[in-house]
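Below is one structure; the comments refer to it alone.
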Number of protein chains: 2
Amino acid sequence: MDDISSILKEKGLKVTPQRLAIINMLRNTKEHPSAETIYKTLSSDFPTMSLATVYKTLEMLKNIGLVQELNVGEGSFRYDANVNSHPHLICYGCNRVDDLDDSALDDLLGEVSKYTDYLLKDQKLYFYGYCPECKNKKVN
Amino acid sequence: MDDISSILKEKGLKVTPQRLAIINMLRNTKEHPSAETIYKTLSSDFPTMSLATVYKTLEMLKNIGLVQELNVGEGSFRYDANVNSHPHLICYGCNRVDDLDDSALDDLLGEVSKYTDYLLKDQKLYFYGYCPECKNKKVN
DNA sequence: CTAAATGCAAAGCCTTTGCAAGTCT
DNA sequence: AGACTTGCAAAGGCTTTGCATTTAG
């Protein structure tokens, strides 16, 4: 099921306002926020919440498979409530991080397996460039 | 040209034994070592060299385009003297990091461009699984 | 000689940990 | 009530920085 409270209870985890806020924020954004961004965004609603709680919650959500951690090369992680490991697109212009269509992934894996004898299990794929908006604005 | 001393001199950088050792080590390995690994490996030949020097040298080598930084998701970077951004394969069994054939990359980019309007400029592609050796050893 | 690099230690940044106080069930 | 979670501050791991000393050109 998709109801967070039920999932947490099933696992013997407590349902706290902070946890609900964090997972709900992640589920309602496409921005792939960092812990810091989550923290700041929720600060208005939870002024006393600490960054440590955000990290602990994210750790827990990772462990129960509700969230995945991304590393697009920024020195801090980003988080994604979409847990199937889909490719990402990162814009050099505006730093947005977009998802790449899932069906693209199948095609990519098909290509790779032509070139390696590895038994492939997972992947972290980051494509960098300019998003449709930025590629028009930019000079070169 | 490919002669390190000449490249450094051309850029007004000094040729030091430490720098030569680091770049030579990177050019002669396929292991994609971390700064720590480089440091430890060279310690026998350069007992007084500090980790800071390794980091400063790697930073410099990045800047002049002789080395690229990889992040395979380990909490520390790895370094690669092969600076074209080729895909990597990481083995869950033995943690080795292999290169994927360059021609695979062209195919992959061709696939991706079918699915996005991004203007693609670069990519960091990590495929995880079991290398040919480990996939035979493992149980599942 | 003198500009740049090294090596040491200290500082920084992101993340994790310890623990008392507070909250969920 | 009892166990888990929060929030604060301190600690950790990797990387960077500052600065006096040393080295390359």
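Every chain is numbered from 1 and lettered A, B, ... according to where its sequence line falls, protein lines coming before strand lines.
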Interatomic distance, A:Met49 CE vs C:dG22 C1' [rounded to whole Å]: 16 Å
Quick one: the side chain of A:Lys14 and the base of D:dA3, do they pair up donor-acceptor inside 3.5 Å? yes
Mind checking whether A:Arg19 and A:Leu13 have side chains closer than 4.5 Å, heavy atoms only? yes
Classify the ring geometry between A:His32 and A:His88 as parallel (under 30°), tilted (30 to 60°) or perpendicular (over 60°). perpendicular
Of the nucleotides C:dC24, C:dT16, D:dT6, which one has an atom closest to the side chain of A:Glu59? C:dT16
Rounded to whole Å, please give me the gap between CD1 in A:Ile64 and P in D:dT5. 11 Å
Closest-nucleotide mapping onto DNA chain D: is B:Leu51 or B:Pro17 further toward the 5' terminus? I mean the 5' end. B:Leu51
Answer yes or no: is there a side-chain heavy-atom contact under 4.5 Å between B:Thr53 and B:Tyr39? no
In terms of relative ring orientation, are A:Tyr128 and A:Tyr92 parallel, tilted or perpendicular, with 30° and 60° separating the classes? parallel
C:dT6, OP1 or OP2 - any side-chain N/O from B:Thr16 closer than 4.0 Å? yes
A:Glu74 CD - C:dT15 P separation (whole Å): 10 Å
Whole Å only: how far is the CZ atom of A:Phe46 from the P atom of D:dT6? 11 Å
From B:Glu74 CD over to A:Asn71 CG, what is the distance, rounded to the nearest 0.5 angstrom? 11.0 Å
Check this one for me: any side-chain N or O of B:Thr53 less than 4.0 Å away from OP1 or OP2 of C:dG7? yes
Which sits closer to the 5' end of DNA chain D, B:Ala35 or A:Ser50, going by the nucleotide each is nearest to? A:Ser50
Picking from C:dC14, C:dT25, C:dA9, which would you name as closest to the side chain of B:Ala52? C:dA9
So what does A:Gly75 hit on the nucleic acid, given a heavy-atom distance under 4.0 Å: a base, only sugar-phosphate, or nothing? sugar-phosphate
Please work out if B:Ser34 contacts a base, only the sugar-phosphate, or nothing of the nucleic acid, heavy-atom cut-off 4.0 Å. nothing
What is the distance, rounded to the nearest whole Å, between atom CG of B:Leu8 and atom P of C:dT6? 10 Å
Can you check the B:Gln18 CD to D:dA24 P distance for me, whole Å? 8 Å
Nearest-angstrom distance from the residue atom NZ of B:Lys56 to P of D:dC14: 19 Å
Measure the distance from CD on A:Glu69 to P on C:dT15 and round it to the nearest whole Å. 8 Å
